[in-house]
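As structure tokens, the structure follows; a few thoughts come after it.
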Amino acid sequence: MKDNNPFNRTDSPLHNKSYDFAIRIVNMVKYIKCSDKEYALTNQVLRSGTAIGALVREAEYAQSASDFINKLSIALKECNETLYWLNLLRDTSYIGEKEAQSVISDCRELLAMLITSVKTAKQRNNKL
């Protein structure tokens with residue numbers, strides 16, 4: 001049965017990249033040794049890093065083009081916040097430079113994909 005939802009992009013690179021990124025974030029947080037004080041940092045990166053994919057999924061079943069754009073825009077904000085927390089974890093030595101560069105690179109790639117997706121969706125919506 002074919003899904004007639006025009007926003008469903010389950011085979012899209014953004015769908016897959018955001019899910020894979022969430023897995024990386026969860027695995028990274030599992031291995032950061034921290035006390036209750038540092039839990040606030042790891043919890044923040046966990047929440048924002050996994051929210052990106054969740055919002056992309058929400059966008060796939062958006063009620064309208066405006067709703068689709070809104071969900072992806074929020075995912076973009078979450079991605080930017082995640083980049084902040086990753087840089088902070090690196091700069092405070094909770095994650096090493098090598099690990100940080102890899103996950104930060106993935107985050108920046110996801111950020112670029114979201115920027116492009118939001119711009120494209122806005123352009124398409126303006127043509128309607």
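Only a predicted model underlies this, so the values are computations on that prediction, with no experimental measurement involved.
Under the 4.5 Å side-chain contact rule for hydrophobic residues, L46 and W85 share a cluster. Residues I32 and F21 share a hydrophobic cluster, clusters being chains of Ile/Leu/Val/Met/Phe/Trp/Tyr side chains in contact below 4.5 Å. One hydrophobic cluster, built from ILVMFWY side chains closer than 4.5 Å, holds both I115 and I52. Under a hydrophobic clustering in which Ile, Leu, Val, Met, Phe, Trp and Tyr are joined whenever their side-chain heavy atoms come within less than 4.5 Å, directly or via other members, I23 and L111 fall into different clusters. Clustering ILVMFWY residues whenever any of their side-chain heavy atoms sit less than 4.5 angstrom apart, transitively, puts I104 in the very cluster that holds I95.
A donor-acceptor pair is defined here as one N or O able to donate and one able to accept, closer than 3.5 Å; such a pair exists between the side chain of T42 and the backbone of Y39. The closest donor-acceptor contact from the side chain of R57 to the backbone of H15 lies under 3.5 Å. In this structure, the side chain of N87 engages the main chain of L83 through a donor-acceptor pair within 3.5 Å.
K71 approaches A59 most closely through the heavy-atom pair CB-CB, 3.6 Å. Contact detail for P13 and M113: the closest heavy-atom pair is C-CE, 3.5 Å. Here the closest heavy-atom approach between residue L41 and residue Y94 is recorded as CD1-CE1, 4.0 Å.
Between atom CG of residue L76 and atom CD1 of residue I69 there is a gap of 12.5 Å, rounded to the nearest 0.5 Å. Between atom CG of residue L86 and atom OG of residue S105 there is a gap of 11.5 Å, rounded to the nearest 0.5 Å. Going from atom OG of S64 over to atom CG of N125 covers 8.0 Å, rounded to the nearest 0.5 Å. The distance from atom CZ of R124 to atom NZ of K122, rounded to the nearest 0.5 Å, is 15.0 Å. Expressed to the nearest 0.5 Å, how far CG of L88 lies from OG1 of T92 amounts to 5.0 Å. Rounding to the nearest 0.5 angstrom, the gap separating the CG atom in L110 from the SG atom in C79 is 4.0 Å.
Q44 has its side chain within reach of E81: a pair of non-hydrogen atoms, C-beta onward, lies under 4.5 Å apart. Using a 4.5 Å cut-off on side-chain heavy atoms (C-beta onward), K17 and D106 make contact.
R24 and N27 share no donor-acceptor pair across their side chains, judged by distance under 3.5 Å alone.
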Problem set entry | side-chain contact (heavy atoms from CB on, under 4.5 Å) assessment of Q101 paired with R90 | CA-CA 9 Å; Q101 286 309 314; R90 180 201 57 209; 3.3 Å; yes
